Amino acid sequence: MTTSLLIGNPNTGKTSLFNALTTSYAYVGNWTGVTVDKKVGQLKNKLGQLVDLPGVYDLRPVSADESVVSNALLQDSFDQFVNIVDASQLERNFQLTLQLLEYNKPIVIALNMMDVAQKRGITIDFDALANRLNVPIYQLVARKETGKEALLEGMRMTKQSPNFQLNYPSEIETTIEALIPYFTEKKEWNARWLAIQFLYGNITVETYLREHEKYASILALREKLQTMLSEPIAAVIFKTREKYIQELMKEISVVNEDNKT
Ligand code: GDP
Ligand code: MG
Ligand code: K
């Protein structure tokens, strides 16, 4: 059975979409270590199951509840991501999207709040966006359940990983290259994602890696990298993503004041 993880920023319409895509759902206890309910729904079209996750702006958790998302990526078995994105707030939402792309599992983007984007005069070049990120994009108004059939079909069809790679400054890339050999024993991990999240200071990833027999060497690589940079590693990583997103936005989105309604 196919398992899809529903991930997105808070208030993007996650619950609305979850309800639109599923016929029934159950609370199957709590996520490990926290009180957040674990909610799993049966997808329409007998497609498999959809797992609801807490809304987060970033994979680096800022609370125990948010650690649920990184823990799911580290420890749970799943087949694809459904990344719900607020079409009227693309820039902010894409910080999370890039981190999901780096995980390199099959992923579909559900571009929700299309009605809000339209009202604000936002025009998006969907083909350019899909091409740049190498993922299928589906437009939705989850509150009205508009677009859900195409999304379900897209989820069924999507078996390819995006093979998307964002390139960081050379000192960071060199350290990523040095870290990757430590992470090859676990096949289901994306070693590059793990290296990036560790360097980014994702505490859930760090806690997980503390069990690694070579943790001292892993940590030393991060400390060495920090001495080579004039800013915190996390800031450099964040800004690299931000720069990429700004360039992407120029290419795919325009706000037309005349089109505002
Ligand atoms: P969550 O916090 O991500 O789970 O989002 P919810 O599903 O609770 O939605 C947050 C708010 O946005 C609710 O008031 C929804 O009715 C509304 N909403 C959800 N999807 C859409 C949409 O596509 N368009 C508009 N205009 N509102 C939406
Ligand atoms: Mg919700
Ligand atoms: K628990």
Side-chain angles (χ1 to χ4, degrees), residues 4-22 25 27 30-31 34-41 43-44 49-73 78 80-103 107-124 126 129 133 135-148 150-152 154-155 200 202-204 238 241-242 244-246 248-249 252-253 255 260-261:
S4 306
L5 300 187
L6 179 59
I7 304 190
N9 288 11
N11 282 315
T12 50
K14 260 166 26 68
T15 299
S16 307
L17 183 61
F18 186 90
N19 292 338
L21 296 182
T22 56
Y25 64 83
Y27 289 99
N30 293 100
W31 291 96
V34 293
T35 56
V36 180
D37 290 327
K38 184 169 186 179
K39 192 167 132 191
V40 179
L43 283 162
K44 292 175 180 169
Q49 58 184 17
L50 184 65
V51 180
D52 194 28
L53 286 162
V56 291
Y57 291 107
D58 199 292
L59 285 185
R60 193 176 53 187
V62 294
S63 69
D65 287 357
E66 285 198 11
S67 70
V68 163
V69 180
S70 287
N71 262 323
L73 268 59
F78 59 93
Q80 66 177 195
F81 294 120
V82 177
N83 176 210
I84 181 165
V85 163
D86 179 344
S88 70
Q89 309 248 23
L90 288 181
E91 237 173 298
R92 181 161 84 177
N93 281 241
F94 280 161
Q95 277 285 338
L96 178 65
T97 300
L98 291 183
Q99 295 172 63
L100 295 178
L101 289 171
E102 284 173 337
Y103 194 91
I107 175 170
V108 297
I109 290 182
L111 212 52
N112 194 35
M113 306 275 181
M114 281 307 300
D115 54 336
V116 180
Q118 249 149 29
K119 280 198 189 101
R120 294 197 191 153
I122 299 168
T123 312
I124 301 163
F126 301 100
L129 179 59
L133 302 182
V135 293
I137 314 269
Y138 297 93
Q139 304 170 53
L140 289 131
V141 182
R143 190 162 69 180
K144 295 188 190 141
E145 303 211 354
T146 310
K148 68 177 180 188
L151 174 62
L152 280 166
M155 289 163 66
Y200 191 42
N202 182 326
I203 187 68
T204 308
F238 184 88
R241 291 186 189 132
E242 200 166 58
Y244 179 87
I245 292 166
Q246 277 163 8
L248 181 66
M249 292 302 292
I252 62 126
S253 173
V255 179
K260 282 192 187 176
T261 54

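Note that the structure is predicted; figures quoted are calculated from it, not measured.
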Is there a side-chain contact (heavy atoms from CB on, under 4.5 Å) between L6 and I84? Walk through the geometry before answering. CA-CA 7 Å; L6 179 59; I84 181 165; 4.1 Å; yes
So L90 and I252, side-chain contact (heavy atoms from CB on, under 4.5 Å) or not? Walk me through it. CA-CA 10 Å; L90 288 181; I252 62 126; 3.9 Å; yes
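- Under 3.5 Å, the side chains of N202 and S70 contain a donor-acceptor pair of N or O atoms.
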Which is it for V135 and V108 under the side-chain contact (heavy atoms from CB on, under 4.5 Å) test, yes or no, and what are the steps along the way? CA-CA 6 Å; V135 293; V108 297; over 6 Å; no
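- The side-chain heavy atoms of V85 and N112, taken from C-beta on, include no pair separated by under 4.5 Å.
- Counting heavy atoms from C-beta outward, V51 and S4 have side chains that stay 4.5 Å or more apart.
- Taking CG of L50 as the start and CG of L5 as the end, the distance is 8.5 Å to the nearest 0.5 Å.
- Without hydrogens or angle criteria, Q80 side chain to M155 main chain gives a donor-acceptor distance under 3.5 Å.
- Rounded to the nearest 0.5 angstrom, D115 CG and R120 CZ are separated by 10.0 Å.
- In terms of heavy atoms, A142 sits closest to S16 at CB-CB, 3.9 Å.
- Pairing each heavy atom of L53 with each of A72, the nearest pair is CD2-CB, 4.1 Å.
- The two residues Q95 and I245 come nearest to each other via the heavy atoms N-CD1, 3.6 Å.
- Judged as a side chain to side chain donor-acceptor pair (under 3.5 Å), and not counting sequence neighbours, the contacts of E145 are K148.
- Between L133 and L248 there is a side-chain heavy-atom pair separated by less than 4.5 Å.
- For the residue pair N71 / T204, no side-chain donor-acceptor distance below 3.5 Å is found, with atom types taken as modelled.
- Between L111 and L140, the closest side-chain pair of non-hydrogen atoms is not below 4.5 Å.
- A donor-acceptor contact shorter than 3.5 Å is absent between the side chain of E242 and the backbone of F238.
- A distance-only check finds no donor-acceptor pair linking the side chain of Q49 to the backbone of V40 [under 3.5 Å].
- Distance check: N93 CG to Y57 OH gives 8.5 Å after rounding to the nearest 0.5 Å.
- Counting only heavy atoms from C-beta outward, the side chains of K44 and L21 never approach each other to under 4.5 Å.
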Determine, stepwise, if the pair D58 / Y200 fulfils side-chain hydrogen bond (donor to acceptor under 3.5 Å, both in side chains). CA-CA 11 Å; D58 199 292; Y200 191 42; 2.7 Å; yes
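- Atom OG1 of T123 is separated from atom CD of Q118 by 8.5 Å, given to the nearest 0.5 angstrom.
- Side-chain contact check for V69 versus P54: some heavy-atom pair is nearer than 4.5 Å.
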Could you go through the ring-ring contact (aromatic ring centres under 6.0 Å, His included) check for Y103 and F78 one step at a time? CA-CA 12 Å; Y103 194 91; F78 59 93; 5.8 Å; yes
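- When atom types are taken as modelled, the side chain of T22 and the backbone of F18 share a donor-acceptor pair closer than 3.5 angstrom.
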Tell me, with the steps shown, if N9 and D86 meet side-chain contact (heavy atoms from CB on, under 4.5 Å). CA-CA 8 Å; N9 288 11; D86 179 344; over 6 Å; no
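- In this structure, CD in Q139 is found 3.5 Å from CZ in F126, a value given to the nearest 0.5 Å.
- In this pair, Y27 and Y25 present their aromatic rings perpendicular. The plane angle is above 60°, beyond the 30 to 60° band.
- L151 has its side chain within reach of L17: a pair of non-hydrogen atoms, C-beta onward, lies under 4.5 Å apart.
- If you run side chain to side chain contact (heavy atoms under 4.5 Å, CB included) between F94 and each of Q99, M249, Q246, only M249 comes through.
- Under the 4.5 Å side-chain criterion, counting only non-hydrogen atoms from C-beta, K14 is in contact with D52.
- Taking CE of M114 as the reference point, atom NZ of K119 lies at 12.0 Å (rounded to 0.5 Å).
- A pairwise comparison of heavy atoms in F81 and L100 identifies CE1-O, 3.8 Å as the closest pair.
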